[in-house]
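Computed from a predicted structure; not experimentally measured. Per chain, numbering begins at 1; letters A, B, ... match sequence-line order.
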Amino acid sequence: MDQFMKTLGIIINATLMYTPPLLYAALGSCFSEKSGVVNIGIEGMMTIGAFTGAAIGYFVGNPWLAFLGAGLAGAIFGLLHAFACVTCHSDQTISGTAINFLGSGVAVFVCRMFFEGNTETHPVKQKLPRILNGLFESLAANYPDGIGKLFVKNGFLDNAFNTYASTYIAFLLVLLFWFIFFRTRFGMWLRAVGEHPKAADTLGINVFKVRYICVILSGFLAGLGGASITLATVSAFRPSVVIGQGFIAIAAVIFGKFTPQGAMLGCILFGFCNGLRVILGSSSVIPVNLISMIPYVVTILTLVIFVGKSRVPAANGKPYFKSK
Amino acid sequence: MPKKEQTLKEKITNNALFYTLLSILFGFIVGAIALAVAGYNPFSAYKEMFYRIFGRPNWRSYSFIEYSTPYILTGLSVAFSFKTGVFNIGAEGQFVIGAVAAVLVGIFVPAPAVILIPLCIIAALLAGMAWGAIVGFLKVRFGVNEVLSMIMFNWIAYYFSNFVVNLKSVEVGGGKTWTKLIQDNAKITFGKDFIANLGLSPKAHAGILIAIVAVFVIWYIIDKTTLGFRLKAVGYNRNAAEFAGINANRNIMIALAISGALAALAGAIQVMGVNYKVSQFAGQEGYGFNGITVALIGNTNPFGVLLAGFFFGSLKFAGTRFGPPSEVVDIMMGCITFFIAVSSLLKEIFTSKPKRGAD
């Protein structure tokens, strides 16, 4: 039983470790796609965020500042994408592809400039804090016979839930964004803009403004996602830290039918399978590569069996021309 | 009424090539700025870059054969999919599946070259077709979004390849993480005499010829056949096509199968001409994703893709050896693509004239 609880704790912890980067990026993607702008540049935005987070984390030291800086770096690329897609009526796939190239290209290029020609940064001075650490410790110390037992070091709760702040922020954001999407006026605007921009425009909603905000926000969140890798999961940037996760985040959003809560489920599925792979990978008779396929196969099977069609917002991918 | 003669300016501003060339120019300018910021002299760096592409015969063959061939084919794959209204973001996985199919046939099927080489290629084509068609099937039968399933299939292909590479009967042994080499009969590298005459690099291979043939075949299919017409019709307006009696679902599957076959062909050629084996991946290699860029720079036109593939491949090659970080090339490619994207605004400005009242 103890062993079981311990393993369970580790799996939960691994899930909570692997989910947030995807979740931030997926939430960003939700904003962009829901407002009618396809953003396949999430990957590049995550990469620039991952690098910026690591670089500020090393040179300045304050992990929160680094986290924020990473978001802003992502937002700059979001702005580029918004300029192309909204102002220039560009093909959104083309612009997104460009952003992917630019994001990783600029990240590694600048990395070489600041880190003696290396494509890897030095470790950050300080990771994002484990916010529950203090609470757990004080509970364990102050109530050693009562409730504190539950919170002892390497106990189940400590193993499972004593994780980085970025994790909890990500899940809180899901709640916040669910509220914004479905309970606020701005949420209604952005859904309207993604479904029928002309009708929205007629009603006096500024389509350009809403889309700009959403796309820049998607860059900001993707940047945070990248930084949540380099400031929590690992503690330095190298070109391979992000690889593919931006695309997985996009997949999670489609899986979740373009809602924050749905995307969260998708991300948790990937995060969980990733965690499982790490646990099983070391001690298994099944080849690790077959285990690694699980999340992807499961995703497709889930869609085929349970979820069915994910309806893309009607105006997704279509530039909006304001008629004069 | 006779069609009005276009002025030279109109001809230029209506021509996609004009915007592509302008974008390439912008890409080089931004690249120069990046070089200057990093402390390199952009002019001498670019000079060195061109020298590394054209300076020696074997560099030319590295640039235009080894580095360009896979991008031409993955670019063609993506371009074909764009023409037919789907977005093949799965070329990455199809490339891998093609490579695995070719390497297995190349290792295990004992046959003379004239049979084995086509066999490897056919195996790859079929594997790629199947890989593409599954995605199409999931889309038309279960409504699974094709972008999502292709992203999944990229990773499934990736791990499948790593799985195959580590099979006891396939791995080379000795703790090395790659497959046995394919038989000599399966290699498409040019013979030594041929190389000596042309001054090509020792690894120059016939894959480039296959790629060029593929370009013509795809151009023919798109522009000259009813299949191409149907595919384009479905891509342009699915409802209208269906109304006209075209089976959209069937055509989407065909489009994805052909697109998959092209990317798989790239993988097979990379095995048969360059690597002779498949190695365990540490990360996705990017042939498919770079194919997206090549397709876009080539304006999704088969011949445009051919040129864009040469351009992309040669800069990639030169980027690895011209001194400054090779990421400059990525930045340039990103900028070129970005400028191609935003050139739609330029086009609107150039071509929109105050025509109200006239016509």
Student: Select one option (side chain, backbone, both, neither) describing which atoms of B:Ile336 are under 4.5 Å from chain A's heavy atoms.
Tutor: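 Contact with chain A involves no heavy atom of B:Ile336 at all.
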Student: Checking heavy atoms, do the side chain of B:Ile156, its backbone, both or neither come under 4.5 Å from chain A?
Tutor: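 B:Ile156 touches chain A through backbone and side-chain heavy atoms alike.
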Student: Taking the six-membered ring for Trp and the single ring otherwise, decide whether the centroids of B:Tyr158 and A:Tyr296 are under 6.0 Å apart.
Tutor: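 No, they do not, as the ring centres are separated by 6.0 Å or more.
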Student: Which heavy-atom pair separates B:Ile331 from A:Val106 by the least distance, and what is that distance?
Tutor: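 Of all heavy-atom pairs spanning B:Ile331 and A:Val106, the closest is CG1-N, 3.8 Å.
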Student: Answer yes or no: is there a side-chain heavy-atom contact under 4.5 Å between A:Leu80 and B:Phe338?
Tutor: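 A:Leu80 reaches B:Phe338 side chain to side chain.
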Student: Are B:Leu148 and A:Thr299 close enough that some pair of their side-chain heavy atoms sits under 4.5 Å apart?
Tutor: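 B:Leu148 reaches A:Thr299 side chain to side chain.
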Student: Is A:Asn100 close to B:Phe289 at the side-chain level, that is, under 4.5 Å between some pair of heavy atoms?
Tutor: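 SC-SC contact between B:Phe289 and A:Asn100 ruled out.
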Student: Side chain, backbone, both or neither: which part of B:Ile151 has an atom under 4.5 Å from a heavy atom of chain A?
Tutor: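 Side chain of B:Ile151 only, per the 4.5 Å heavy-atom cut-off to chain A.
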Student: Can you tell me how far OG1 of A:Thr93 sits from CG of B:Leu296, rounded to the nearest 0.5 angstrom?
Tutor: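 Answer for the CG-OG1 pair, B:Leu296 versus A:Thr93, is 8.0 Å.
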Student: Can you tell which of A:Pro319, A:Ser240, A:Gly244, A:Pro295 has the highest number of heavy-atom pairs within less than 4.5 Å of chain B?
Tutor: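 Between A:Pro319, A:Ser240, A:Gly244, A:Pro295, the count favours A:Gly244.
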Student: Quick one: of B:Cys335, B:Gly334, B:Pro325, who has the most non-hydrogen atom pairs under 4.5 Å with chain A?
Tutor: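 Max contact count across the listed options: B:Gly334.
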Student: Work out which heavy atom in A:Ser90 is nearest to a heavy atom in B:Ala341; give both atom names and the distance.
Tutor: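 Here A:Ser90 and B:Ala341 meet closest at OG-O, 2.6 Å.
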Student: Hey, does B:Asn154 have a side-chain heavy atom less than 4.5 Å from the side chain of A:Phe247?
Tutor: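 With C-beta onward as the side chain, the pair stays apart.
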Student: Using non-hydrogen atoms and a 4.5 Å limit, figure out which bit of B:Ala295 sits close to chain A: side chain, backbone, both or neither.
Tutor: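 Nothing of B:Ala295, per the 4.5 Å heavy-atom cut-off to chain A.
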Student: Do you know which of A:Ala84, A:Ser292, A:Gly103, A:Ser95 has the most heavy-atom pairs under 4.5 Å to chain B?
Tutor: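 Sorted descending by pairs with chain B, the first entry is A:Ser292.
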Student: Write down the atom of B:Asp330, the atom of A:Phe101, and the distance for their closest heavy-atom approach.
Tutor: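 For B:Asp330 versus A:Phe101, the nearest heavy atoms are O-CD2, 3.6 Å.
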Student: Could you measure the distance from the NZ atom of A:Lys257 to the CG atom of B:Asn145? Nearest 0.5 Å is fine.
Tutor: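 Rounded to the nearest 0.5 Å, the NZ-CG separation comes to 12.0 Å.
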Student: Mind checking the CD1-CD1 spacing from A:Ile250 to B:Ile89? Nearest 0.5 Å is all I need.
Tutor: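 Reported value, rounded in 0.5 Å steps: 6.0 Å.
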Student: For A:Thr97, which of B:Ile340, B:Thr293, B:Asn290 qualifies under side chain to side chain contact (heavy atoms under 4.5 Å, CB included)?
Tutor: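 By the side chain to side chain contact (heavy atoms under 4.5 Å, CB included) criterion, A:Thr97 pairs with just one of B:Ile340, B:Thr293, B:Asn290: B:Thr293.
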Student: Could you tell me which portion of B:Val37 (side chain, backbone, both or neither) has an atom closer than 4.5 angstrom to a non-hydrogen atom of chain A?
Tutor: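 B:Val37 touches chain A through backbone and side-chain heavy atoms alike.
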Student: Enter the distance from A:Ile243:CD1 to B:Phe281:CZ here, rounded to the nearest 0.5 Å.
Tutor: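 Answer rounded to 0.5 Å: 12.0 Å.
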Student: Given that the side chain runs from C-beta out, which part of A:Ile294 has a heavy atom under 4.5 Å from chain B: side chain, backbone, both or neither?
Tutor: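 No part of it gets close to chain B.
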Student: Indicate yes or no: at least one non-hydrogen side-chain atom of A:Ile248 is less than 4.5 angstrom from one of B:Met152.
Tutor: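 Sidechains of B:Met152 and A:Ile248: in contact.
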Student: Check this for me: A:Phe59, atom CZ, are more than 12 non-hydrogen atoms of other residues, nucleotides or ligands nearer than 6.0 Å?
Tutor: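 Yes, enclosed.
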Student: Select one option (side chain, backbone, both, neither) describing which atoms of A:Phe114 are under 4.5 Å from chain B's heavy atoms.
Tutor: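 Neither part.
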Student: Looking only at heavy atoms and a cut-off of under 4.5 Å, which of B:Phe339, B:Trp155, B:Phe153 has the most pairs with chain A?
Tutor: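 Going by pairs under 4.5 Å, I would pick B:Trp155.
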Student: Taking all atoms of both residues into account, what is the closest heavy-atom pair of A:Phe109 and B:Leu35, and its distance?
Tutor: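 Answer, listing the atom of A:Phe109 first, then B:Leu35: CZ-N, 4.5 Å.
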Student: I'd like to verify something: which residue of A:Gly105, A:Cys88, A:Cys85 has the highest number of heavy-atom pairs under 4.5 Å with chain B?
Tutor: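 Most heavy-atom pairs within the cutoff with chain B belong to A:Cys88.
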Student: Near A:Tyr212 OH, under 6.0 Å, is it more than 12 heavy atoms from other residues, nucleotides or ligands?
Tutor: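 Yes - once you tally the heavy atoms of other residues, nucleotides and ligands closer than 6.0 Å, there are more than 12.
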